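Order of the sequence lines fixes the chain letters, A, B, ..., with proteins taken first and strands second; residue numbering starts at 1 for each chain. Owing to the predicted nature of the structure, the values given are computational and were not obtained by experimental measurement.
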Protein chains: 4
Amino acid sequence: MSSQKSTAAPDTAPEAAPNAAGRAPKRARGRQRVAALLDAATVVFAEKGYDAATMTEIAARSSTAIGSLYRFFPSKEALAEGLLHRYGERAGAGLDAIAAHASAMTVAQMADALLDLMMALKSERTALKVLMDARVDGANRRQYLRGVIRGRMAGMLSAHAPGLSAERADLLSVMVLHLMKTIPELAEEAEAAALFQEMRLVLSAYLAAAVDGG
Amino acid sequence: MSSQKSTAAPDTAPEAAPNAAGRAPKRARGRQRVAALLDAATVVFAEKGYDAATMTEIAARSSTAIGSLYRFFPSKEALAEGLLHRYGERAGAGLDAIAAHASAMTVAQMADALLDLMMALKSERTALKVLMDARVDGANRRQYLRGVIRGRMAGMLSAHAPGLSAERADLLSVMVLHLMKTIPELAEEAEAAALFQEMRLVLSAYLAAAVDGG
Amino acid sequence: MSSQKSTAAPDTAPEAAPNAAGRAPKRARGRQRVAALLDAATVVFAEKGYDAATMTEIAARSSTAIGSLYRFFPSKEALAEGLLHRYGERAGAGLDAIAAHASAMTVAQMADALLDLMMALKSERTALKVLMDARVDGANRRQYLRGVIRGRMAGMLSAHAPGLSAERADLLSVMVLHLMKTIPELAEEAEAAALFQEMRLVLSAYLAAAVDGG
Amino acid sequence: MSSQKSTAAPDTAPEAAPNAAGRAPKRARGRQRVAALLDAATVVFAEKGYDAATMTEIAARSSTAIGSLYRFFPSKEALAEGLLHRYGERAGAGLDAIAAHASAMTVAQMADALLDLMMALKSERTALKVLMDARVDGANRRQYLRGVIRGRMAGMLSAHAPGLSAERADLLSVMVLHLMKTIPELAEEAEAAALFQEMRLVLSAYLAAAVDGG
DNA sequence: GATGAATGAGTTTTCATTCAT
DNA sequence: CATGAATGAAAACTCATTCAT
C-alpha cells in the first residue's frame, strides 16, 4: 500500500503521502468509511469543483457525520490529497502494466493503451483534473503526485524507445500527461466519442513524430 | 503574430464591454475604470481561480471602490462575461488574421501562427482558461464565446483545406481548441519553453495527419 | 398653501413642515419635478414599503437623475415627509369640507363621507400607511401630521356633537383614524368591496354608540 | 383570559417550529436555542420592522452566533415563518377556547374575550403585525396563517350565531381580524388604556349590528 | 443646475472547522 | 468514537449619499 514509496521518485514530496490522509484506519469499518468518503468526494468535486464542493455535502453523500469525516481527513485539503493518493495508486498500476509491454508496442498501440486507461478511470478522472487545477496554497502535495505519475510515464516511454535521453523522456511524458488532462473536458462535449478518436490520432501522431522518427 | 493589436483591440478596451447588464459607462472616466477592472480581474482570476477570486480583491487591485465595481458589473458572473467578451474580440481578430493567409500556409506554419497568437495573449489566456472551466450556472455566455471561437477556427481550417467537410472542420477545431487550452498550464511548468516547442510538434503532427494526410 | 398653520394645532411640530421638504422650488419646472417625484415615491413606497423602496428607483420612475432628487429632497426621510406633507394638505382639506356640514349630518352620513374621502385618496393612502407605520428614528415629523389630521377630525366630531368634551372628541378621532388606516389593507383583500361596506357599518355603529347615544 | 396558556402553548415552545426548511433541533440544547431565537426575533422585529431588523442583531440579542441562527432558520424569511408558526399555535388555541363558549356569550362578552386574548399575546402581537404587513415575495406562509386564524374566527362567530351564512361569517371574521390588527398601534399611543376601551366599544357595536341585529 | 460616477458601511448568507455530549 | 451543535471570518451584493464635471 505504500508501493509508490519504493518505486517512483518522491523527491518533491518531503514527508510522502501516507499520513497526509489522517491516521490510517486500523479496522475494516474505518476502511469502508474512508472508501465511501473518497467515493463521495470524487462525485462532489467532479460536479462542483474544489471550492464549491462542501465538506458537509461530501459527508452527507456518504451518510457520514461531519465530525467523522474530520476524524479521517482533518481538512478539506487532506481529503483532496487522499483522493490524489488513491488515484495515484490506481493510475500508477495501470501505467506500470503498460510499461511492462511497451517495448513490444507500436506508438499507436501505446496511445491506445493510454486512452483505454483513462477510459477505465472514468469515474475519477474529472475529480482529479479539478483537484490538480485547483489553485490552492498547499499545492505541493499535488506536485508530488505529478512527479510520481510523470516518472512512470517516462519509464514507459524509455521502455519503448531505449535510445531516448532521460531529459527528453521526461519532457515527452509531461507533454503527454497534459494532453491526457484534456480528456475529461472532451468527455463533456457533445461529440465526445469522435473527440476520443481524434485524441488517439493526436497522441499517436505526436509520439510517432517525437519518439520514433522526427 | 501581434496582428490582433493592429486590427481591432487596443489595450484600453475601445468599445468596452457593455455586455450582460450593468450600466455601460457613459463618460471617459468610466471607460478607463472598466478597462482597469478587467485588467485586475484578469490577474486575480488567473491567480486564484474563479471561486477563490474575490470581488473585493479585484476592486482593490484596480484601486476601485467595491460599489464602483458593482456599478459596471452587477455580479461576479457579469464580470467574468465582460472578460470573456473582451478576450473574444481580441482572440477572434487574431484568428481571422491567420485565416486570411491560411490557404497559403503549411500546417506547420498554421500551428506556429496559433501558438504565436497564444503567446501574444499571454496576460489573458490563463484567466480565460479558468473562466471557461468554472462550473457555474449561468454558463450560457461561455457557450456563446466557445461557439464564436470555434467557428473562426473552423473557418481557418477550411480556408487551408477546402476539401474538409464542415463537420470534420468543426470537430478538428474543437480538438485544436482543447489542445490550446493546455498552454496556460504548460507555461506554469519549469520547462515551459521546451514544452511550447513540443506543443508545436503536437499541433503540426496532428494537423498533418488529420488535414493533409489522414 | 400654509393653511394648516393657521387652522390646526401644530403644537407637536417645533418648526412646522414647509422647510422639511428641502428648499421650495421657485420656478414652475421645479414644481413639476417635485410633483413627479412625489408621485413616483407614492407608487414605489406603496409597492415596496419604506425600507425596500430605493431612492434610485424613485428617481428612475420619475425620469429624474438621482442627483436632482437629492437637490429637492436632501434625504429619504425628507422625501417621506414631503409626501406626508402633501397628503396632509389634501386630506386636511377633505376633512374640513366634511366638518363644514357635520352639524347637519347623521353619524351614518359622516361615516360615509369619511370613507368616500379615503376612496378619493386611493392612490396615496397605501403609501401613507406605509410611511406612518415605518419605524424610523426621525419619526417626530410623522407625529406632527398625526396631530394635524387628528385635530381636524376632532373638529369635525365636535361640529356634529357640540356636547362632546374636548378630551373625548380627541380620543374618538384617534380611534376613527386608526380604523381608517385599515382601509388600504382591506383594499388588498379579495373581498375588498364587501369589506368597505363592513367598514361603513363599523364606523357608523361605533360613532352611533360613542357620539350619539351609548 | 390567559386560557391559551393552559391549553396548548407553554412559553418555551414545546414542539418548536421545525417548519419551512432549516434543520429541526434534535437535542434539548437546540430546542432552547430556537425558543431564545424566536423570542429575540419577536423583540427586534417589533422594534425595527421586518426590513430594518438584522439577523446579526437578533443573533446577538439571544447570545447566539450568527451561524447558529442560520442552522435553525436558513433565511430571514424562514425565521419570520417560524415566528408566525408559533404565534399561530398560541393564538389559534386562544381562539378555540373562546369558540368553545361562544354560544353562551353576548357579543360584548365575545369582544371582551378577543381583546383579552390580544392583551395576553402582548409580547408577540406587534411583531406579528409587522410580519404580516411586510411586503415580501415568499409571503405564501403568511397567507396560510391568515387562513388558519380566519377560519377559527369564523368558527367562533358561527358558534355564537348559527344562523350566519358561511360567507358572511368569513367576511365578518376578516373585518374583525383587521380591526384587531390596530391594537398594537393603539398600544403605542399615549392614551393606550382609553383606546382599548374604545376598541371594545367598536367591536361590540359592530358585532351587535352585524351579527345580532343587522 | 443637472448629471451620474464614486464611496463604503452594512446586510444576508455560507462553510470549514472545533468540541461538548 | 460518533454525533451534530456552535462558531465567526469572509464573501457577494445593496444603497443612501456625496461631489466632480
Of the nucleotides [options], which has the atom closest to the [X] side chain?
{"X": "C/Tyr70", "options": "F/dT18, F/dA5, E/dT18", "value": "F/dT18"}
{"X": "B/Lys76", "options": "F/dA6, F/dA12, E/dA16", "value": "F/dA12"}
{"X": "D/Ser75", "options": "F/dT7, F/dT3, E/dT13", "value": "E/dT13"}
{"X": "A/Ser68", "options": "F/dA2, E/dA9, F/dT17", "value": "F/dA2"}

For a quick check of understanding: with a heavy-atom distance under 4.0 Å over all strands, which category does A/Ala52 fall into, base, sugar-phosphate or nothing? nothing
Please work out if A/Ala59 contacts a base, only the sugar-phosphate, or nothing of the nucleic acid, heavy-atom cut-off 4.0 Å. nothing
Under 4.0 Å between a side-chain N or O of [X] and OP1 or OP2 of [N]?
{"X": "D/Thr54", "N": "E/dT11", "answer": "no"}
{"X": "B/Thr56", "N": "F/dA11", "answer": "no"}
{"X": "B/Arg33", "N": "E/dA6", "answer": "yes"}

Value in whole Å for how far the [atom2] atom of [N] lies from [atom1] of [X]:
{"X": "D/Arg71", "N": "E/dT14", "atom1": "CZ", "atom2": "P", "answer": "13 Å"}
{"X": "C/Phe73", "N": "F/dT17", "atom1": "CZ", "atom2": "P", "answer": "14 Å"}
{"X": "C/Ile58", "N": "F/dA16", "atom1": "CD1", "atom2": "P", "answer": "8 Å"}
{"X": "D/Leu69", "N": "E/dT13", "atom1": "CG", "atom2": "C1'", "answer": "10 Å"}
{"X": "B/Lys48", "N": "F/dA11", "atom1": "NZ", "atom2": "P", "answer": "9 Å"}
{"X": "A/Glu57", "N": "F/dG4", "atom1": "CD", "atom2": "P", "answer": "18 Å"}
{"X": "B/Glu77", "N": "F/dA11", "atom1": "CD", "atom2": "P", "answer": "19 Å"}
{"X": "C/Tyr50", "N": "F/dC15", "atom1": "OH", "atom2": "P", "answer": "14 Å"}

Given side-chain contact (heavy atoms from CB on, under 4.5 Å), test D/Glu77 with D/Glu81 step by step and report yes or no. CA-CA 6 Å; D/Glu77 174 66 16; D/Glu81 280 168 28; 3.3 Å; yes
Which comes earlier along DNA chain F counting from the 5' end, the contact point of B/Gly67 or that of D/Gly67, where each point is its nearest nucleotide? D/Gly67
Can you work out whether D/Ile66 or B/Met55 has the more 5'-proximal nearest nucleotide on DNA chain F? D/Ile66
Paired nucleotide for E/dT14 [Watson-Crick or G-U wobble; both distances under 3.5 Å]: F/dA9
Identify the nucleotide, in any strand shown, that forms a Watson-Crick or G-U wobble pair with F/dC19, with both distances under 3.5 Å; if there is none, say none. E/dG4
With distance as the sole criterion, is a donor-acceptor pair present between the side chains of A/Ser62 and A/Thr64 under 3.5 Å? yes
I'd like to check the side chain to side chain donor-acceptor pair (under 3.5 Å) partners of C/Asp51; sequence neighbours left out, ordered by chain and number. none
Applying the side chain to side chain contact (heavy atoms under 4.5 Å, CB included) test to A/Lys129, which of A/Asp133, A/Thr126, A/Leu131 qualifies? A/Asp133
4.5 Å side-chain heavy-atom contact, D/Arg135 and D/Tyr50: no
Begin from the C-alpha positions of B/Met132 and B/Leu84 and carry the test side-chain contact (heavy atoms from CB on, under 4.5 Å) through to its verdict. CA-CA 9 Å; B/Met132 295 299 284; B/Leu84 254 16; 4.1 Å; yes
